[in-house]
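What follows is one structure encoded as structure tokens, with my remarks underneath.
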Amino acid sequence: DNEVGPRLFSAAMLSLRVLVVACVAASCSGAGLRGRAALSMNPIRRVVTMMQGMQKKVEEEGKRDQELYDKFMCYCTTGAADLAASVQAAETKMPAVTSALGEATAQKAQLEIDLVQHKTDRAEAEDAIKEAMALREKAAAIFAKASGDYKTNIAATGKAIDLISKGAGGIFLQTNTAAIVRSLTINMDLSSADRDMMSSFLSEGQGQGYTPQSGQITGILKQMKDTMEADLADITKTEEESKANYEGLVAAKEKEIAANSKAIEEKTQRLGETGVKIEELREDLEDTSASYEEDKKFLVDLDKNCATKTEEYEVVKKTRAEETLAIAETIKILNDDDALELFKTTLPSSSLLQVTVKDKEVRHMAIKALRGSHDNRLDFISLALRGKKVNFDKVLSMIDEMVTLLGKEQVDDDDKQVYCQKDIDANEDKNKELDLDTSDLEKAIEETKAFIETTTEELAALAAGINALDKSVIKATDQRKAENEEYKSTMAQNTAAKELLGVAKNRLNKFYNPKLHVEAPKREFSAEDRIAVNMGGTPPPTEAPGGIAGTGVEVFVQVRSHAQRSDDVAAPPPPPEAVGAYMTKGQESTGVLTLVDMLVADLDKEMQEMDVEEKDAQNDYEKYVQDSADKRAQDSKSIAEKESAKADSEAALGKAELDKKSKVKESYATAMILKDLHLECDWLISNFEMRKEARVGEIDSLKKATAILSGADFA
């Protein structure tokens with residue numbers, strides 16, 4: 001008994017201290033907290049009830065931990081077989097993946113060699129076509145000149161034959177055709193006799209009395225014409241054969257170029273697919289190897305880990321049993337009949353564990369913890385804390401939702417950063433490595449569709465965010481209006497109360513301290529009334545003062561006037577016997593006047609505090625509205641940018657689908673995707689760490705505010 005008593009007392013005191021803190025936190029978060037918070041009647045019963053709740057919670061945690069421990073031990077029992085199967089599968093898979101990787105690498109090397117050869121063959125065929133075209137053009141020019149000369153000479157010879165046959169040899173010798181025939185006589189292969197005869201005809205025929213030997217001359221000209229026609233036929237035949245040979249060569253080389261181009265296109269695609277396959281196999285091999293090593297290590301450490309968890313769970317069970325015992329013994333001590341009787345005798349129920357935490361101080365501490373953030377949503381929480389019509393439970397719920405939302409935003413930023421970095425790197429590599437790759441273009445089309453879908457979802461989310469922001473601004477405006485109306489009403493009532501206390505004090509001074517009495521201001525007559533009085537007339541009657549009790553003090557609340565005795569009430573009975581001389585209450589009046597001055601001072605202090613609070617609330621409201629406007633403008637700008645990016649992506653998608661077999665269009669589509677990705681991601685990537693750090697700070701501020709509102713002290 002000597003050992004158990006102190007131990008029970010110590011456990012009870014420890015539990016009591018814990019409950020005091022819990023009571024403070026619970027009182028701070030109540031919906032009806034206004035000014036000072038205190039425990040209600042029968043505080044010991046409340047303490048016992050709270051400890052019973054703690055006891056129930058500890059038991060539930062014990063059941064939960066037991067379930068978790070049983071599941072872990074089940075894993076210890078069956079996990080070894082699963083790990084062994086995983087290790088065996090990895091040992092079988094790794095050689096196969098290694099072999100496939102070697103084959104793919106060899107295939108890629110062979111494709112690269114083939115591509116080089118195909119490109120060389122295609123270039124040689126194109127050069128052969130260019131060379132043949134140059135030779136063809138040169139031969140065609142020579143043929144055109146020679147055939148033209150032959151045709152001119154044949155025509156001239158024919159004309160000479162006609163003229164000479166008709167006996168017009170003299171006329172012939174006077175024409176330009178004679179000069180042509182003279183040149184042919186010199187240049188053509190003729191016998192000496194024929195050339196001399198022609199020369200003599202052409203040169204001596206100018207003299208008079210010349211008798212031409214027309215028959216011989218005509219025969220020589222016909223022979224010359226026949227020779228030139230035969231030569232023209234020969235070069236024409238040679239030209240046709242040359243053209244046919246050129247066309248055959250070009251057709252053969254074009255087929256060779258087409259075959260090489262097709263092979264280059266197909267093998268380029270296969271090279272790209274093989275490269276992707278190699279990377280996939282390499283990653284698969286690395287992942288399988290890493291998993292294999294981890295599984296082997298974990299399989300070795302499995303028994304040790306299971307034993308460690310068992311020891312840790314035994315410690316947890318022992319600690320929980322000690323806590324349960326402490327709570328139970330404390331409940332027993334406080335619930336004892338003698339203890340309850342003792343508490344009734346020694347502690348007034350209204351003063352036990354009185355907590356003097358002001359909700360204004362708690363609000364200010366929570367607002368201070370939230371300061372320094374530029375997030376309009378935290379400004380809205382601060383604004384809600386300043387509002388007197390919002391309880392702490394609602395604010396705590398808002399903070400929990402805000403913490404969850406910030407965590408989700410960080411997860412979204414993390415996912416988007418990974419997505420952006422991965423897609424930017426992939427598209428840049430593709431833009432450098434691939435010139436014409438149909439499969440890559442199709443992949444780019446799918447990625448563009450995914451980007452459009454993502455952008456559409458983000459646009460919807462931004463629009464919903466702007467809608468929610470507008471609603472929160474409207475809600476904050478309504479709250480501000482209500483608080484301002486309450487402020488004006490309270491200030492009007494306090495002002496009326498001050499004036500009424502001043503009237504009462506002046507009335508007391510008139511009797512007890514005449515020197516301090518302030519006479520009412522003299523009545524000011526109008527111009528008409530002053531003239532009437534100066535002429536000996538009677539001044540108009542003075543209107544009875546209105547307001548509260550005829551003092552002239554008015555307020556926006558209705559005050560019921562005292563009923564007046566009507567004239568037809570019966571006369572009172574005769575007065576009783578008169579008393580002696582009256583003694584003034586001068587000393588008592590001093591206390592009354594002092595109390596009136598204290599009340600006026602309290603009203604002045606309260607009105608000053610209300611002015612400060614109204615000004616702070618208005619400043620906070622204006623800041624929140626400005627932050628909301630900035631946020632809305634930023635979101636609207638983001639919507640415009642994303643709509644522009646979406647439009648660009650849709651245009652790029654349509655262009656890529658139409659021209660996906662074209663090298664130029666594939667390159668353009670890739671560039672458009674890269675541009676859209678940079679437009680979407682550059683700002684996030686460059687500001688990722690700063691946004692993450694700011695969000696961590698906001699979450700920390702929210703958690704501190706939650707702790708303050710729940711009763712923690714960060715002083």
Side-chain angles (χ1 to χ4, degrees), residues 121-260:
D121 294 342
R122 183 174 63 179
E124 291 177 352
E126 291 172 348
D127 292 341
I129 290 177
K130 292 178 181 178
E131 183 179 355
M133 184 180 294
L135 294 174
R136 177 85 284 277
E137 290 174 352
K138 183 177 180 181
I142 294 173
F143 168 75
K145 184 178 182 305
S147 62
D149 292 343
Y150 277 124
K151 290 177 181 178
T152 300
N153 294 336
I154 291 171
T157 305
K159 185 176 181 181
I161 293 171
D162 291 339
L163 290 174
I164 294 172
S165 298
K166 293 177 181 180
I171 298 173
F172 163 72
L173 293 174
Q174 303 300 319
T175 64
N176 293 330
T177 304
I180 296 174
V181 173
R182 188 179 294 112
S183 176
L184 288 174
T185 302
I186 296 171
N187 295 325
M188 285 190 67
D189 185 14
L190 298 175
S191 65
S192 299
D194 291 342
R195 183 177 286 110
D196 291 341
M197 187 177 294
M198 287 297 299
S199 297
S200 176
F201 170 74
L202 295 173
S203 61
E204 294 177 359
Q206 303 293 331
Q208 295 180 355
Y210 172 73
T211 302
Q213 298 174 351
S214 59
Q216 294 179 350
I217 296 301
T218 302
I220 294 172
L221 289 174
K222 288 182 178 180
Q223 182 181 1
M224 292 172 60
K225 181 182 178 184
D226 292 340
T227 301
M228 288 188 292
E229 288 177 346
D231 291 341
L232 177 61
D234 289 340
I235 64 171
T236 301
K237 181 179 179 182
T238 302
E239 174 66 14
E240 293 298 330
E241 291 176 353
S242 178
K243 286 173 64 177
N245 292 335
Y246 167 75
E247 291 173 355
L249 174 64
V250 170
K253 292 299 180 182
E254 286 179 346
K255 289 182 180 179
E256 183 179 352
I257 291 172
N260 283 314

Got a second to check how far [X]'s [atom1] is from [Y]'s [atom2], nearest 0.5 Å?
{"X": "I220", "Y": "T157", "atom1": "CD1", "atom2": "OG1", "value": "12.5 Å"}
{"X": "I129", "Y": "Y246", "atom1": "CD1", "atom2": "OH", "value": "7.5 Å"}
{"X": "M198", "Y": "I186", "atom1": "CE", "atom2": "CD1", "value": "11.0 Å"}
{"X": "I217", "Y": "I161", "atom1": "CD1", "atom2": "CD1", "value": "11.0 Å"}
{"X": "L249", "Y": "N245", "atom1": "CG", "atom2": "CG", "value": "9.0 Å"}
{"X": "E247", "Y": "E254", "atom1": "CD", "atom2": "CD", "value": "10.5 Å"}

Heavy-atom closest contact ([X] atom, [Y] atom, distance):
{"X": "T185", "Y": "M224", "value": "N-CE, 4.2 Å"}
{"X": "V181", "Y": "A160", "value": "CG2-CB, 4.1 Å"}
{"X": "G158", "Y": "K225", "value": "CA-NZ, 4.2 Å"}
{"X": "Y150", "Y": "M228", "value": "CD2-O, 3.8 Å"}

- prompt: Are the charged groups of E239 and R136 less than 4.0 angstrom apart, N to O?
  reply: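 Yes, charged N to carboxylate O under 4.0 Å.
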
task: Compare all side-chain heavy atoms of E131 with those of D127 and state whether any distance is below 4.5 angstrom.
output: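 No. Closest side-chain heavy atoms not under 4.5 Å.
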
field: N153 side chain near M188 side chain, heavy-atom distance below 4.5 Å
entry: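 Answer no - side chains too far apart.
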
message: Run D226 and K222 through salt bridge (charged side-chain N to carboxylate O under 4.0 Å, His left out) and show every step you take.
response: CA-CA 6 Å; D226 292 340; K222 288 182 178 180; over 6 Å; no

Identify all side-chain donor-acceptor contacts of residues 229-238 below 3.5 Å with residues at least two apart in sequence or on another chain.
unit_1: T236; atom_1: OG1; unit_2: L232; atom_2: O; d: 2.7
unit_1: T238; atom_1: OG1; unit_2: D234; atom_2: O; d: 2.9

